[in-house]
Amino acid sequence: MHPIIITVLQRLALGILTLFLVSLVIFLSLDFLPGDFGEALLGQSAREDTVAAFRKELGLDRPIMIRYFDWVGGVLTGDLGSSFSGRNASGIDRSRTVVDLVAPRLSNTLFLALTAAVIAVPLSLFLGITTALYRGSFYDRAINVTTLTTISFPEFFVGYILILILATLYPVFPSLANIEEGSPFLDRLYKIALPAMTLTLVIVAHMMRMTRAAIINLLASPYIEMARLKGASASEVILRHALPNAWAPIATVIAFNLAYLVVGVVVVEVVFVYPGIGQLMVDSVTVRDVPVVQACALIFAATYIILNLIADIIGIITNPRILHPR
Amino acid sequence: MNKESKIHDYSAKSEVGFVRTRRTRLQRILLELRKAPPTAIIGLFIIIFYIILALFAGQIAPYGEAEIFPIPYAPWGGDHIFGTDQIGRDVYTRLIYGARNTVGIAIITTILAFVIGGFFGLLAAILGSWTDQILSRLVDVMMAIPSLIFALMLLSIFGTNAINLIIILAVLESTRVFRLTRAVGMNVVVMDYVEVARLRGEKIGWVIRKEILPNILPPLVAEFGLRFCFTFLAIAALSFLGVGIQPPSADWGSMVRENAGLINFAHYDIKAGLTPLLPAAAIAILTVAVNFVVDWFLQKTSGIRDEK
Amino acid sequence: MKNKTIDKKKILLSMSNIHIEGFADERWHKIIKGIDLTLYRGEILGLIGESGAGKSTLGLAAMGFARPGCRFTGGEIIFDSMKLHDMSENQKRKLWGTRIAYVAQSAAAAFNPAHKLINQTIESAVRSKIKNEEQAVKDANHLYKELQLPEPDKIGFRYPHQVSGGQLQRVMTAMAMSATPDLIIFDEPTTALDVTTQVEVLASMRHIVEQYNTAAIYITHDLSVVAQMADTIKVLRYGEEIEQSKTNEMLSHPKESYTKSLWSVRSIEKQEKTNDDIILKVDNVTAAYGSSKVLFNVDIRLPRGRTVAIVGESGSGKSTTARVITGLLPPLNGKVTFNGKTLPAALKNRSKKELQKIQMIYQMADVAMNPKQTVSEIVGRPLEFYQGMKGKVLDKKTIELLEMIELDESFMDRLPNELSGGQKQRVCIARALAAEPEIIICDEVTSALDQIVQEGILKLLMRLQKELNVSYLFITHDISTVKAISDEVVVMFQGKVVEQGSKSSIFSPPHPEYTELLLSAVPEMDPNWLNNYLNSRK
């Protein structure tokens with residue numbers, strides 16, 4: 001077998017192992033719930049048998065490994081259990097299944113994150129590469145100070161500044177991104193303009209700085225000096241000599257920042273009251289709705305792991321040393 | 001003729017070495033400061049200002065931290081420079097106390113993260129083999145979950161209070177400290193001078209204290225600044241989301257959230273609209289300041305490496 | 001002799017009053033201080049000097065190129081009646097790779113890992129439309145053949161990491177020749193190679209420049225190498241020219257005393273002595289890193305008060321042998337005997353006394369000293385650790401040690417980066433002496449140093465041996481150092497001992513095959529050496 005396939009398979013196996021361990025960590029956290037959790041959740045007046053029934057439903061009396069495999073089996077077949085909320089002391093259970101809660105919001109979040117990514121990735125690659133090329137110029141220094149400042153801003157600061165200017169003082173865009181199911185695409189795009197802009201601003205600063213550093217690092221290689229001394233023009237040096245070696249670092253930068261974007265979504269959704277999975281997770285944390293929190297955490301973690309896995313694989317398949325073994 | 005004498009007078013003593021003038025630590029710091037870029041100087045001043053605010057919050061603030069006045073959402077000016085919040089507490093006072101609470105918790109968390117991460121990072125670097133393998137894989141798994149998400153999950157399980165917040169964030173941040181300490185530690189451990197000490201028969205404690213620690217300190221100091229920014233922003237974000245520092249403690253993140261509604265009144269009273277931005281700006285300014293200083297420090301230390 | 005013509009009427013390159021500065025430590029330093037250089041068509045000029053002489057900077061300046069962080073501050077560079085110093089980067093670029101080509105020191109780093117060798121070889125020629133791609137590939141394959149590369153028709157389709165270092169260096173020469181330039185700058189092209197590889201590369205490089213009658217500037221710190229290549233030699237020091245003359249003249253009658261001193265290290269000669277009192281014995285040692293074996297049944301004897309040199313190329317196992325002796329790498333098999341007693345295999349099982357008696361000095365003195373400790377802390381620690389000295393007694397003894405290595409009290413408070421290369425190595429010697437050892441293992445202790453400094457260190461080591469009767473195990477790849485300092489010699493190759501014997505017996509024939517190859521491949525200070533070497537092999 002070609003070594004590159006072996007390396008990629010190894011990497012995939014490692015990714016699956018990580019996912020497995022992460023799911024284990026997320027699952028086991030349930031066991032750290034304080035003992036009186038049932039009473040706390042159902043209220044002081046809960047009857048003893050209601051609490052007992054609730055604990056039984058959670059399965060806290062069964063061996064841990066069996067519970068874990070039940071849970072994983074559920075996750076793989078799309079059954080994430082049912083939410084804690086909607087229950088009360090009298091034992092009436094109006095809880096909804098986790099999937100019903102998560103599914104529509106997940107697609108909203110993906111829509112927002114993708115929109116931001118589509119703007120941010122090309123923009124930051126462009127800025128990163130140009131500042132690296134014109135290193136030390138006024139353009140470079142201006143962009144540098146600006147981005148150093150923006151990476152220090154919390155997402156909600158950027159978000160509220162945009163609301164203040166573009167929604168309140170000059171009402172161009174809506175401040176609330178309360179999209180509904182079935183609204184047309186352009187309408188959705190209009191409503192998420194501000195949250196998408198916030199995410200873009202935050203991500204571009206990070207991604208551009210990392211791209212710049214990666215390119216500068218690459219341009220310091222002796223083979224780049226050799227290419228110049230062979231008479232290659234600036235564009236040839238970049239396109240022919242630097243770029244083929246740049247895929248791995250650029251993929252890493254993009255993956256890292258998309259993963260960062262996924263996390264940034266949480267705060268931005270709360271600022272703009274956007275019905276996404278981040279908002280759901282925060283609400284569930286406040287009421288300690290553990291099954292929903294676990295489901296959200298698993299989704300976020302899986303996205304994060306898969307993004308990094310893709311970057312790793314791009315790094316492997318563009319590495320000439322692995323591509324053309326001895 | 002000069003060349004002639006150079007050869008014949010050759011002796012080891014007269015060989016050229018770059019000797020620096022002896023200066024006290026204070027003199028060196030002052031000298032460095034004079035050469036520092038303006039951004040770094042501004043950054044330093046801001047940091048000192050925040051430290052003073054945090055230390056003397058009780059003396060500087062006009063009212064008590066949780067003192068409630070009869071008029072909620074009072075406008076700027078008069079008795080209340082920045083007005084009052086949704087239940088009638090003085091915004092200016094709470095901004096000052098916020099410096100103590102938010103920055104204080106962030107510093108405690110960062111220090112704890114460095115103690116944990118630094119200890120295990122050094123352990124992995126020095127012992128190597130399976131200790132390193134186990135610790136590194138464990139950290140890999142922890143880092144596979146985005147830390148804000150991980151923190152949210154853990155807070156939902158353990159409950160939201162300041163102690164839990166500090167411990168959870170410190171443990172999560174320590175993974176990054178671990179990675180860095182391990183990496184720089186490894187670079188130093190393979191140095192010949194560490195081998196010399198081992199060949200001499202020195203005890204492990206001496207090797208760490210005398211040979212390794214002094215050489216990994218500069219990158220760790222810079223990292224402390226960066227990690228502080230991350231922790232600080234994470235605490236602010238969690239508090240903003242309502243699961244961080246809990247009322248009645250004044251805290252910048254939750255102040256933004258509590259007063260966010262005022263932003264919609266901006267076209268009636270621009271000042272009221274600015275109220276929720278004040279604590280947000282307080283967070284941003286401190287982070288910018290720390291970043292400026294760290295940037296300068298990194299340039300300084302990496303510049304020394306390029307010398308030869 | 002070199003069978004080519006130097007046309008004295010046609011000046012190809014003339015540089016006058018060149019000044020170049022480099023930025024370091026937040027200010028500009030002078031690197032080149034007003035050097036003139038004239039090169040005729042077909043001439044090969046050797047630029048030699050020690051580190052910091054500015055030879056690479058001057059070589060690149062011949063192309064009108066200054067590295068990032070360097071700048072021209074004066075002078076004229078005229079190449080074939082074109083004023084390079086006035087030309088824009090775009091104009092100069094048209095000359096680079098086609099009329100002036102560059103061969104870098106580290107071929108492994110200078111080739112782009114993402115492209116096949118052939119594409120990199122013909123890049124300049126095809127870009128400048130000197131020839132079409134088909135012709136260029138044909139010519140390149142021809143060049144590969146001329147340069148004695150294996151499978152010349154196929155090697156171009158490999159990637160840089162698939163080819164050995166010596167072969168890469170030759171491919172780079174082919175790359176430089178591809179557009180048949182008028183001038184090639186060779187920047188230390190063989191420095192990173194082992195001595196047996198170096199001679200092959202030198203032979204093929206010389207063959208090709210003679211074939212095409214190309215002018216060249218050959219930069220190196222090694223006089224015997226430049227003697228094989230150059231028609232004329234220019235000696236540089238601290239950015240200034242010391243002298244220039246024809247190769248023959250320079251070798252037989254150097255004018256300046258600095259030039260003479262460059263020869264001098266080879267003049268140290270030690271009277272060899274033997275001794276039957278064996279202080280250290282390495283017995284049938286086999287060792288491995290993980291699962292790959294690196295030492296096979298190694299036997300070495302070190303007589304008391306004598307110097308045994310272990311000589312070999314990279315990968316021969318000489319440094320690994322030192323790690324086994326010190327206990328850093330416990331062997332799979334065999335044992336190490338010290339003063340008739342078997343030493344515990346692992347470092348952690350050895351007693352303080354055993355550790356004290358065997359000390360080590362390293363190649364890189366900079367990384368062998370903690371940059372945060374002063375000289376007095378570095379030298380004083382073994383005194384404190386082994387002998388429990390403190391306070392005034394400790395200071396007094398430390399100063400005594402510093403005086404022993406020809407430094408003095410004023411060095412006590414200095415940090416390692418405030419010392420010159422030679423002073424650093426001396427402090428390391430003092431640290432080793434502080435333990436009052438019976439054996440010092442010297443691992444390539446002079447190879448990172450300039451010639452004059454090397455000489456000083458070697459003389460110091462010899463004097464200390466006489467005074468203290470300490471035994472040296474001297475690891476080196478440099479034959480002239482072996483000749484200068486050893487009583488006995490061990491030749492190692494691929495983890496095995498080829499032979500051990502007295503210096504005179506090792507250096508006089510008959511030799512085992514490998515020793516023969518190793519000894520014959522060391523260039524000598526004789527312009528005809530390479531010719532003789534090549535003839536003797538035919």
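Every chain is numbered from 1 and lettered A, B, ... according to where its sequence line falls, protein lines coming before strand lines.
Comparing His115(C), Met63(C), Met172(C) by how many heavy-atom pairs each has under 4.5 Å with chain A, the most go to His115(C). Ranked by heavy-atom pairs under 4.5 Å with chain A, the list Pro68(C), Gly97(C), Ala101(C) is led by Gly97(C). Interface check for chain A: of the options Ser106(C), Ala104(C), Pro113(C), Ser124(C), the most heavy-atom pairs under 4.5 Å are formed by Pro113(C). Of the residues considered (Ala179(C), Ser128(C), Ala110(C)), Ala110(C) shows the highest number of contacts with chain A, using heavy-atom pairs under 4.5 Å. Counting heavy-atom pairs under 4.5 Å between each of Trp96(C), Tyr102(C), Phe111(C) and chain A puts Trp96(C) at the top. Note: Lys230(A) leads Arg228(A), Met226(A), Lys230(A), Arg240(A) in heavy-atom pairs under 4.5 Å with chain C.
Taking every heavy atom of both residues into account, Gly264(A) and Leu199(A) meet most closely at C-CD2, 3.9 Å. In terms of heavy atoms, Ala176(C) sits closest to Val103(C) at CB-CG2, 3.7 Å.
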Pair Asn90(C)-Arg93(C), side chain to side chain donor-acceptor pair (under 3.5 Å): steps then yes or no: CA-CA 5 Å; Asn90(C) 262 326; Arg93(C) 209 178 275 141; 2.5 Å; yes

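Separation of the Phe72(C) and His85(C) ring centroids does not fall under the 6.0 Å cut-off.
Side-chain polar atoms of His241(A) and Asn112(C) form a donor-acceptor pair below 3.5 angstrom.
Both the backbone and the side chain of Asn119(C) come within contact range of chain A, judged by heavy atoms closer than 4.5 Å. Contact of Gln120(C) with chain A is made through backbone and side chain together, with heavy-atom distances under 4.5 Å.
Atom OH of Tyr134(A) has 12 or fewer neighbouring heavy atoms from other residues, nucleotides or ligands inside a 6.0 Å radius.
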